[in-house]
Amino acid sequence: MAREQLCKLFVGGLSFETVEGNLRNHFEKWGKLTDCVVVQDTITRRPRGFGFVTYSSPSEADAAMAARPHVLDGRTVDLKRAVPREDSNKPGFNMKVKKIFVGGIKENLGENDLQSYFSDYGMIEKVDVICDRETGKKRGFAFVYFDDHDSVDKAVIQKYHMINGYRCEVKKGLSKEEMQSATRPRGRAGNFSQRNGRSNGNFGNAAGYGGGGGGYYNDRGNRGDVYGGYGDGGYPRRDR
């Protein structure tokens with residue numbers, strides 16, 4: 001599953017004029033696509049303003065991410081790793097941050113160990129192993145700062161990492177303010193009962209993003225299954 005997640009990208013802020021062919025033609029410049037979809041509403045068949053592209057390898061997806069910003073049909077689109085739908089309801093999972101929290105730090109795990117391990121995910125700006133001010137002993141967690149939010153998105157796809165033989169938990173390093181923002185209700189509170197694969201309200205409960213996705217149609221007229229199991233990246237409904 002981790003490999004598939006690294007290959008799949010969410011494309012937000014699409015023009016309503018963008019069709020699947022345009023999306024494919026643009027992103028094929030960075031590698032072979034195994035899937036490409038412009039998401040449309042189940043009932044109205046109008047574009048929802050976002051889509052997904054899936055590359056055949058993580059390195060191709062990395063190349064597309066490295067080429068940001070992308071302009072498609074006159075709009076600068078929002079490109080990021082696709083979030084599995086089961087994770088999209090977690091507070092802050094869709095937020096763009098450049099810091100990860102690493103739990104399970106033992107006394108013999110130091111900054112150099114973390115620097116060496118996480119450098120595979122991107123350029124590291126700083127590693128901060130938190131210690132007790134009085135005793136100097138490690139408090140069991142650390143923060144790793146990257147220069148790009150995509151490095152964080154790649155690292156947190158895998159919840160637990162084995163670092164020098166120790167099992168460490170990794171998640172986005174959110175500040176208190178970011179956590180409050182992530183858990184704040186978004187938009188109007190809709191009724192999320194499902195009818196015909198579609199939620200009958202606007203996105204807007206505490207889940208906010210990825211929840212209530214329902215079914216969709218791509219522009220080939222084929223019905224998909226809840227965006228292939230991925231959330232909608234936090235984008236509100238744009239079909240009305």
Side-chain angles (χ1 to χ4, degrees), residues 1-3 5-6 8-10 12 58-59 61-62 65-66 68-69 78-187 204-211 230-231 233-235:
M1 182 61 177
R3 177 183 169 84
Q5 288 177 242
L6 289 171
K8 189 161 189 172
L9 304 179
F10 169 87
S59 61
D62 289 345
M65 291 298 298
R68 290 168 292 162
D78 178 21
L79 189 68
K80 58 186 178 181
R81 306 284 166 169
V83 177
R85 191 165 181 261
E86 62 268 21
D87 291 332
S88 62
N89 289 338
K90 297 178 182 179
F93 211 90
N94 279 287
M95 295 186 74
K96 293 181 178 180
V97 298
K98 298 181 180 181
K99 176 176 68 174
I100 59 173
F101 167 92
V102 185
I105 299 296
K106 304 301 181 183
E107 276 298 320
N108 56 343
L109 270 183
E111 292 182 0
N112 289 339
D113 298 311
L114 298 179
Q115 176 90 30
S116 176
Y117 180 86
F118 286 107
S119 61
D120 288 344
Y121 294 90
M123 183 67 67
I124 294 175
E125 293 185 339
K126 182 175 69 169
V127 177
D128 191 6
V129 177
I130 307 303
C131 298
D132 185 274
R133 291 182 179 179
E134 295 183 358
T135 66
K137 291 185 177 181
K138 293 183 174 67
R139 295 180 58 188
F141 64 95
F143 294 99
V144 179
Y145 298 77
F146 292 93
D147 71 344
D148 185 6
H149 70 83
D150 184 53
S151 300
V152 172
D153 292 342
K154 289 192 293 183
V156 301
I157 283 176
Q158 182 178 333
K159 184 176 181 180
Y160 294 101
H161 295 247
M162 292 300 295
I163 306 175
N164 287 5
Y166 295 104
R167 187 171 183 257
C168 298
E169 181 184 8
V170 174
K171 55 187 177 181
K172 290 189 175 182
L174 302 178
S175 66
K176 182 178 179 180
E177 292 75 17
E178 287 169 332
M179 279 298 296
Q180 291 174 342
S181 174
T183 56
R184 189 178 301 130
R186 297 165 178 256
N205 68 351
Y209 30 72
Y230 286 76
Y235 275 73

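The distance from atom CZ of Phe146 to atom CE of Met123, rounded to the nearest 0.5 Å, is 11.0 Å. Taken from CG in Asn112 to CG in Leu109, the straight-line distance is 11.5 Å, to the nearest 0.5 Å. The CG atom of Asn94 sits 6.5 Å away from the NZ atom of Lys172 when rounded to the nearest 0.5 Å. The line from OH of Tyr121 to CD1 of Ile100 is 8.5 Å long, rounded to the nearest 0.5 Å. Put simply, OH on Tyr117 and CG on Asn164 are 10.0 Å apart, with the number rounded to the nearest 0.5 Å. Summarising the geometry, atom CE belonging to Met65 is positioned 9.5 Å from atom NZ belonging to Lys80; distances are rounded to the nearest 0.5 Å.
Side-chain contact check for Tyr166 and Asn108: at least one donor-acceptor pair (N or O, by modelled atom type) lies under 3.5 Å.
Shown here for Glu134 and Asp132, the closest heavy-atom pair between the two residues is N-OD1, 2.8 Å. Of all the heavy atoms in Ser151 and Gly122, the pair that sits closest is OG-CA, 3.4 Å. Taking every heavy atom of both residues into account, Asp147 and Lys98 meet most closely at O-NZ, 3.6 Å. Across all their heavy atoms, Gln115 and Val127 have their closest contact at OE1-CG2, 3.5 Å. The minimum heavy-atom distance between Leu9 and Ala61, with the atom names listed, is CD1-O, 4.1 Å.
Side chains of Phe118 and Ile124 form a contact here, defined as non-hydrogen atoms less than 4.5 Å apart. In this structure, Lys159 and Glu169 have side chains that are in contact, with non-hydrogen atoms separated by less than 4.5 Å. When side chains are defined from C-beta on, Gln158 does not count as touching Val170, because their heavy atoms never get closer than 4.5 Å.
With His161 contributing its side chain and Val102 its backbone, the two residues share no donor-acceptor pair below 3.5 Å. No donor-acceptor pair closer than 3.5 Å links the side chain of Ser116 to the backbone N or O of Asp113. Counting only distance, with no hydrogens or angles, the side chain of Lys138 and the backbone of Glu107 share a donor-acceptor pair below 3.5 Å.
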Intermediate values then yes/no, side-chain contact (heavy atoms from CB on, under 4.5 Å), Val83 and Phe10 | CA-CA 8 Å; Val83 177; Phe10 169 87; over 6 Å; no
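Under a 4.0 Å N-O distance rule, the pair Asp148/Lys96 does not qualify as a salt bridge.
Taking the six-membered ring where tryptophan is involved, the planes of Phe101 and Phe143 are perpendicular, since the angle between them exceeds 60° and thus also 30°.
Within a 6.0 Å sphere centred on CZ of Arg68, heavy atoms belonging to other residues, nucleotides or ligands number more than 12. Within 6.0 Å of atom CE in Met162, more than 12 heavy atoms from other residues, nucleotides or ligands are found, so the atom counts as buried in its surroundings.
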